[in-house]
**Q** 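Got a structure for you, questions after.
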Amino acid sequence: MLSIAKKAPSYRQLAVVGRLGRRRKYNIGTESFHAAFVDLPKVDREGIRNQALNYLHKFDQKTWYDDPICTIINGEEHRMGKQVETRDAFDSGNGMQILATSSVLSSVSHHLKTFVPEEIDNRFKVRAIEKELFGPLAGELVGNQAFDFKKQDGVTEIEEAIEAGCIEQRLNDLLLRDESEGLLSINRTPAFVGCVSNFSNFLDLSRKVLRNIELGVPVVVLSRSNTTQHMFRWSQLLVDQMKKHGLELGLVTYVSCSLQDQQELFKIFEDSPMYFTGSRQVAQALKSQLRNTLSSTGGPNTLISTTFDDQVKDAIRTSALIENSGQCTALRHAVLPNVDLDQVSSTFDSCVLLQDPTEALTHSEFKGLLMDQTFRLSEGYTKHSKHNVEYKLKDHLPIEIEENWRKASVDVTSVGLEEMKSECFTSSLVDWLIEHQPISLAINGDQHPWHFARRLFEQSGLVVYTVGTEFSPALTAQARPQDGEIFGEVPPRSQVDWFTKFPTIVPSPTAGYNSVYTEEALLAQKDNAKDVLLQEGSPFSHLEPLLQNLDAKSLGYAYLLLSYLSEACLDSPRMGFGNRTSLYGLQRPPLNGSMNVIRLDANSSSADPNSVILHALPFIATNARNQLVISSDGSHPKELEDFVPVQRDSEPAFADFVRSTKPYNVISPVTLHEHSLVSHFVSKLMAVGHIKSTMPDHKEFVDAFKVSDKWLRIVSSD
């Protein structure tokens, strides 16, 4: 194997990198991506709050009974079918729903098969609609969500929809421009939207619906088994606005039907993308039916603290009770130093109690316990003496941990302070984080130079890390994607394909997840690959033995891939924006000694060697090279042996290897019949996200974490 030094590119090589980049635009970490965060619109939070309160005070619950949920096709409401009562977040009846008949479902299917939008570029009309939805109609959106999901603070979500939505509009502009220039093709197969209960106004209405239809992608909004009223109401508002602004009504379909009928639709449109935010169990079921499922799935968000004082108690309470434990970043697990059950219980003595979401909105509250919730104690947990909060105290990390959605439920791991900081415990905690993949990790009690926090950051692979200070402890529920606090609900890398086509990152251009580079564009890039990648002074010139054997399309994709990496890694990590100090960018897989394995076995012995090399390139070209090994039955491209270790393994031998070494990721390359956007390709191999300090302008934090070896960087040959 060649000796390839882990050396940063020289100044001469940086000039080549500059020539390589600057066209990757909407991909995370690039210059254009970063530029999309500036000059965001101002949000009138008090105005939205007052709108919502006026709406809530005037709202008549009978409305949702008199105007039942129904299917909407091409702007027409279909009201024939069986009526059922809908349920709110706490299982109380709150309206009626008309389930579509077989005839109506046939009309849905016919419409989706035959509808072709007359216009692809609908940005002007959609953004005019968006201004009304999140302007004069914002109070209605917040109010409906409050009645249905019992959301306490819908204002912050509207703020995120306006600010992060602006960023995603700009990224969409760049995506559409690349399509108009022939670089890529956006798949306009109807996209299903499986709505989330707690953040639907941003994640569903803004990200999944508006960002798709403005680029000519028809969407199909699906009803839910509970909290489905407020999604239907924004669908109604949207269709009304489409009529007002002259937007093609066929772009939005709402289907009110049973789960079984939804599954029948999936069989007909098996190539459609499905955008879903929810549990891993449901995501896995969807992915088994729809290969283009794009899921965001939660995990047991964790707070670890080397101290336990009133400040940390408040951070635990706030994180655990946000939206009555109805936020995806709500705390589920805490690691604390030498605490007993009484100390855990005292953490929840001063909970805020709320009669209803109107009271919460009136007092700008977001972390209250709603008093009308029915509480059922989970097995093995202790209930607080006064409040609907449960907890479990153990001296070891949880083996199994249920989500317990909408229930204030915390597993506490109590360990001695010296043990907590030990390499042994850190390693076990890192393994636990990798296995369970929380969205968010909050770290408290550490100080400059943050050796403890850096170990946790560098040795795991989460998307959201927050480091607290003595007077401003970190919460698990802290992430503003519009500030560069890149967000994502990502499954463990080794299981990504079980749940989703790609990890879903916010912000990003939604239609990009179902876009591919055109064959013509890939073929046109092959000459750039030879002229630029392999020229003298290029940090990639040593890759010639790998690149020269790629076919023309794969060589063109390699050029796009390495061009993206060169730009995303050049200025990485990038500084975020806002009132906290954040760093974001592409990251290496966890630096805990675990390996990433490209496995070529009897079942994949005919795998395209082009695909094998392309999957290896992001490792070989970066400081992640020593984290890759090839396990092969002998069918691997032989030129790889000069770059990474290759071991010959039978299937039993490989199974033993996996059991003994516990790889971070086992990669099984398949022939690439289509070439996805390079950032999505990389996101299945590398970590991505942010780490932040709770303090503004925290120079010491930046100095300590910016130099971390976790950040992905280009390395050149000797």
**Q** Is the ring pair W432/H436 parallel, tilted or perpendicular, if the boundaries are 30 and 60 degrees?
**A**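 Geometry flag for H436 against W432: tilted rings.
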**Q** Can you measure from OG1 (T413) to CG (L397) and round to the nearest 0.5 angstrom?
**A**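 CG of L397 is found 4.5 Å from OG1 of T413.
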**Q** Ignoring hydrogens and angles, tell me if any N or O in the side chain of T362 forms a donor-acceptor pair with the backbone of T358 under 3.5 Å.
**A**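 Yes, T362 side chain to T358 backbone: donor-acceptor pair under 3.5 Å.
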**Q** Going by atom types alone, do D349 and H384 pair a side-chain donor with an acceptor below 3.5 Å?
**A** yes
**Q** So does M695 get a backbone contact from the side chain of T581, meaning a donor-acceptor N/O pair under 3.5 Å?
**A**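 A pair under 3.5 Å: yes.
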**Q** May I ask you to check whether S508 and R207 show a side-chain donor-acceptor distance below 3.5 Å?
**A** yes
**Q** Under the side-chain contact (heavy atoms from CB on, under 4.5 Å) criterion, do C328 and F199 qualify, and how do the steps go?
**A** CA-CA 9 Å; C328 63; F199 226 71; over 6 Å; no
**Q** For the residue pair S197 and T227, confirm or rule out a side-chain donor-acceptor distance under 3.5 Å.
**A** no
**Q** Hey, can you tell me if Y465 and F457 have their rings parallel, tilted or perpendicular (30° and 60° cut-offs)?
**A**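 The rings of Y465 and F457 stand perpendicular, inter-plane angle above 60°.
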**Q** Indicate yes or no for a side-chain donor-acceptor contact from E157 to the backbone of S200 under 3.5 Å, with no hydrogens or angles considered.
**A** yes
**Q** Roughly how far, to the nearest 0.5 Å, is CZ of F232 from CZ of R224?
**A** 16.0 Å
**Q** Within a radius of less than 6.0 Å around CG of D60, do more than 12 heavy atoms belonging to other residues, nucleotides or ligands occur?
**A** yes
**Q** Does R480 qualify as a cation-pi partner of F577, given the criterion of NZ or CZ under 6.0 Å from the six-membered ring centre and within 45 degrees of its axis?
**A**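 Here R480 fails the 6.0 Å and 45° test against F577.
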**Q** Just wondering, are more than 12 heavy atoms of other shown residues or ligands nearer than 6.0 Å to CD in Q281?
**A**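 Check fails, neighbour count at 12 or below.
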**Q** Quick one: does NZ or CZ of K150 land under 6.0 Å from the six-membered ring centre of F90, within 45 degrees of the ring axis?
**A** no
**Q** For Y391 and T347, run side chain to side chain donor-acceptor pair (under 3.5 Å): C-alpha distance rounded to whole Å, both residues' side-chain angles, the deciding distance at 0.1 Å, then the answer.
**A** CA-CA 11 Å; Y391 34 81; T347 301; over 6 Å; no
**Q** Counting N and O atoms only, with roles assigned by atom type, does the side chain of N404 sit under 3.5 Å from a partner on the main chain of S409, one being a donor and the other an acceptor?
**A**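 Side chain of N404 to backbone of S409, a donor-acceptor pair under 3.5 Å: no, none is there.
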**Q** Nearest 0.5 Å, what's the CZ-CZ distance between R317 and F348?
**A** 8.0 Å
